[in-house]
Amino acid sequence: MENNDIALSDKEFSNVKSRLLEVAGISLSNAKRTLVISRLSKVMRKLSINSFSNYLEFLDSPRATKTDKQDFVNALTTNLTRFYREDHHFDHLISHIGKIIAQKPRTNAAGKPRLRIWSAGCSTGQEPYTIAMCLINKYPELKRWDFKILASDIDTDVVNKAAMGIYPESELAGLSPERARIFERKGDGTIHIPKEMRQTITFKPLNLFDPWPIKGPFDAIFCRNVAIYFDKPVQDKLFAQLGEVLAPDGYMYIGHSENVGRNSTQFSLVGKTIYSSLKSVEKSQVA
Ligand SMILES: C[S@@+](CC[C@H](N)C(=O)[O-])C[C@H]1O[C@@H](n2cnc3c(N)ncnc32)[C@H](O)[C@@H]1O
């Protein structure tokens with residue numbers, strides 16, 4: 001504990017956990033106790049609140065603003081991410097989109113070929129930018145398509161950061177020269193995402209357990225290292241909802257330690273943490 005950290009009783013810790021489960025679906029393990037103390041102590045000090053009980057009471061009172069409630073969630077999310085994380089997913093995506101381009105793509109109301117990808121739980125943006133960089137680099141014709149990536153996260157701080165598309169140069173560590181070349185180096189220790197990649201992405205704050213202002217269908221959904229923070233029934237509910245908005249010939253990519261479960265009626269495991277929609281099987285059986 002740091003000197004100015006605020007003491008947290010067992011009861012208060014249990015109340016913090018209940019609140020986070022209720023508002024974000026996130027199950028905090030007991031191992032996160034120190035993290036809760038240090039992160040929420042900072043928030044509480046800014047509010048001049050000196051006990052967790054008073055803070056939790058404040059959050060439930062009419063005095064707490066939307067921002068105060070959001071700050072509680074932002075402080076407790078885990079946002080670890082990186083460019084090209086689990087890069088076999090991007091190899092698979094490139095080949096999937098290549099097939100869509102070669103076959104007859106879906107079109108929008110104006111008859112333009114349409115492609116939609118969702119990065120659900122995008123954190124600071126490295127995941128949706130990797131998707132954009134891989135695809136536009138490989139298939140420049142996508143610049144003329146109705147091609148959009150939705151990138152959403154419950155944490156408004158990371159969504160704001162992601163939308164800027166600016167990162168420290170150290171993020172290039174471990175990337176091949178071919179991948180690193182796509183970033184714009186500014187010579188001031190930062191790298192920027194090129195505008196043509198940035199403008200394919202819409203960043204939105206979204207709690208996955210609130211109603212979705214999204215119909216799909218998505219040709220691909222990335223929901224990686226997000227469900228890991230949820231209990232199994234919450235995970236099942238989320239995957240079932242994602243299955244509804246995934247296109248019949250679409251794929252869902254999840255985190256390396258996550259799984260949809262063998263009994264899913266919506267997904268079939270087709271690669272390492274890669275699922276195809278079972279709607280495609282129904283469709284091809286009918287055809
Ligand atoms: C570890 S990051 C994963 C980032 C990226 N998908 C990746 O794999 O590199 C998990 C993200 O899930 C977000 N998250 C957690 N609960 C959420 C919820 N209920 N709705 C939306 N996003 C959530 C967190 O804010 C965090 O940014």
Side-chain angles (χ1 to χ4, degrees), residues 16-29 31-32 35-36 39-40 43 69-90 92-93 117-134 149-165 167 171 173-175 179 193 201-214 218 220-242 245 251-260 272-275:
V16 167
K17 289 201 285 187
S18 305
R19 183 177 181 93
L20 190 65
L21 184 63
E22 194 185 311
V23 298
I26 298 173
S27 278
L28 277 184
S29 70
K32 294 283 166 79
L35 178 143
V36 167
R39 294 204 187 159
L40 288 183
V43 178
K69 292 179 189 202
Q70 184 68 49
D71 286 347
F72 170 83
V73 176
N74 290 2
L76 296 179
T77 55
T78 303
N79 309 116
L80 186 77
T81 187
R82 64 175 183 275
F83 290 106
Y84 292 91
R85 184 179 198 181
E86 292 168 55
D87 63 357
H88 68 283
H89 284 162
F90 301 100
H92 185 276
L93 178 73
I117 299 178
W118 186 9
S119 165
C122 65
S123 186
T124 38
Q126 287 86 336
E127 179 177 278
Y129 286 129
T130 302
I131 298 170
M133 288 189 289
C134 280
I149 300 170
L150 169 68
S152 65
D153 201 285
I154 194 174
D155 180 336
T156 51
D157 290 339
V158 293
V159 173
N160 290 337
K161 200 165 172 227
M164 290 167 64
Y167 298 91
E171 294 260 349
L175 296 192
R179 286 174 174 176
I193 306 292
I201 308 176
T202 306
F203 288 97
K204 269 197 189 314
L206 177 70
N207 179 350
L208 289 167
F209 301 106
D210 283 345
W212 297 350
I214 301 157
F218 289 96
I221 296 176
F222 283 68
C223 188
R224 309 185 310 160
N225 309 297
V226 178
I228 191 175
Y229 301 104
F230 307 148
D231 288 340
K232 189 75 183 106
V234 179
Q235 293 186 8
D236 290 347
K237 185 178 156 206
L238 172 62
F239 290 136
Q241 277 183 274
L242 291 172
V245 294
Y251 290 95
M252 180 172 79
Y253 305 89
I254 65 172
H256 58 96
S257 55
E258 297 163 340
N259 75 80
V260 164
K272 199 174 150 209
T273 54
I274 304 174
Y275 291 83

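Counting convention: from 1, in listed order, for ligands and their atoms alike. Please read these numbers as outputs of a predicted model, since none were measured by experiment.
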Can a salt bridge be assigned to the pair K161 and D157 using a cut-off of 4.0 Å between side-chain N and carboxylate O? no
Quick check on contacts: which atoms of ligand 1 are under 4.0 angstrom from a heavy atom of N207? 18 (C), 19 (N), 20 (N)
Take atom NZ of K272 as the centre, draw a 6.0 Å sphere, and report whether it contains more than 12 heavy atoms from other residues, nucleotides or ligands. no
Is the side chain of D231 donor-acceptor paired with the backbone N or O of P233 at a distance under 3.5 Å, no angle test? no
Proximity winner for atom 13 (C) of ligand 1, if only heavy atoms of L80, N225, D153 are counted: D153
Judging by distance only, is a nitrogen or oxygen of G25 under 3.5 angstrom from one on ligand 1? no
Taking only heavy atoms of V226 into account, list the atoms of ligand 1 that are under 4.0 Å away from them. 12 (O)
Looking at F83, is R179 sitting on its ring face, NZ or CZ under 6.0 Å from the six-membered ring centre and within 45 degrees of the normal? no
Suppose we measure from atom 7 (C) of ligand 1 to each protein heavy atom; which comes out shortest, and what is that distance? R85 NH1, 3.3 Å
Atom 9 (O) of ligand 1: nearest protein contact (heavy atom, Å): T81 OG1, 2.6 Å
Does N74 reach ligand 1, in the sense of a heavy atom lying below 4.0 Å from it? no
Checking the N or O distance criterion of under 3.5 Å, is ligand 1 in contact with R82? no
Once you restrict to heavy atoms under 4.0 Å, what part of L206 touches ligand 1? Side chain, backbone, both or neither. backbone
Please list, in number order, the atoms of ligand 1 under 4.0 Å from a heavy atom of Y229. 1 (C)
With heavy atoms of S123 as the reference, note each atom of ligand 1 found under 4.0 Å away. 4 (C), 27 (O)
Any side-chain heavy atom of T77 sitting closer than 4.5 Å to one from S123? no
Under a 3.5 Å distance rule, please check whether S152 uses its side chain to pair with a backbone N or O of K204 as donor and acceptor. no
V234, T78, D155: member with heavy atom nearest to atom 26 (C) of ligand 1: T78
What protein heavy atom sits nearest atom 4 (C) of ligand 1, and how far off is it? G121 O, 3.3 Å
Shortest non-hydrogen pair, L80 vs R85, comes out as O-NH1, 3.0 Å
For A24 and ligand 1, answer yes if some heavy atom of the residue is under 4.0 Å from a ligand atom, otherwise no. yes
If you take the nearest heavy atom of each of V73, T130, I154, which one is closest to atom 23 (C) of ligand 1? I154
Once you restrict to heavy atoms under 4.0 Å, what part of R224 touches ligand 1? Side chain, backbone, both or neither. both
Tightest non-hydrogen contact, residues E258 and I228, listed as OE2-N, 3.0 Å
So does A162 get a backbone contact from the side chain of Q126, meaning a donor-acceptor N/O pair under 3.5 Å? no
Test of proximity, L208 against ligand 1: N or O pairs below 3.5 Å: yes
Sub-4.0 Å heavy-atom contact, F230 with ligand 1: yes
I'd like to check which ligand 1 atoms, numbered from 1 as shown, lie under 4.0 Å from a non-hydrogen atom of I26. 15 (C), 16 (N)
Could you walk me through whether F90 and F222 satisfy the ring pair (Phe, Tyr, Trp, His ring centres under 6.0 Å) test, starting with their C-alpha distance in whole Å, then the side-chain angles of each, then the deciding distance to 0.1 Å, before giving a yes or no? CA-CA 10 Å; F90 301 100; F222 283 68; 5.5 Å; yes
Subset of ligand 1 atoms that lie under 4.0 Å from at least one heavy atom of T77: 24 (C), 25 (O)
Sub-4.5 Å side-chain heavy-atom contact between L242 and W118: yes
Please answer whether the main-chain N or O of T81 pairs with a side-chain N or O of N225 as donor and acceptor at a distance below 3.5 Å. no
Taking only heavy atoms of E127, which atoms of ligand 1 are found under 4.0 Å from at least one of them? 5 (C), 6 (N), 7 (C), 8 (O)
A student checking ligand 1 against F209 at a 4.0 Å heavy-atom cut-off should list atoms 19 (N)
Run the ring-centre check on Y129 versus F203 and record whether the distance is less than 6.0 Å. yes
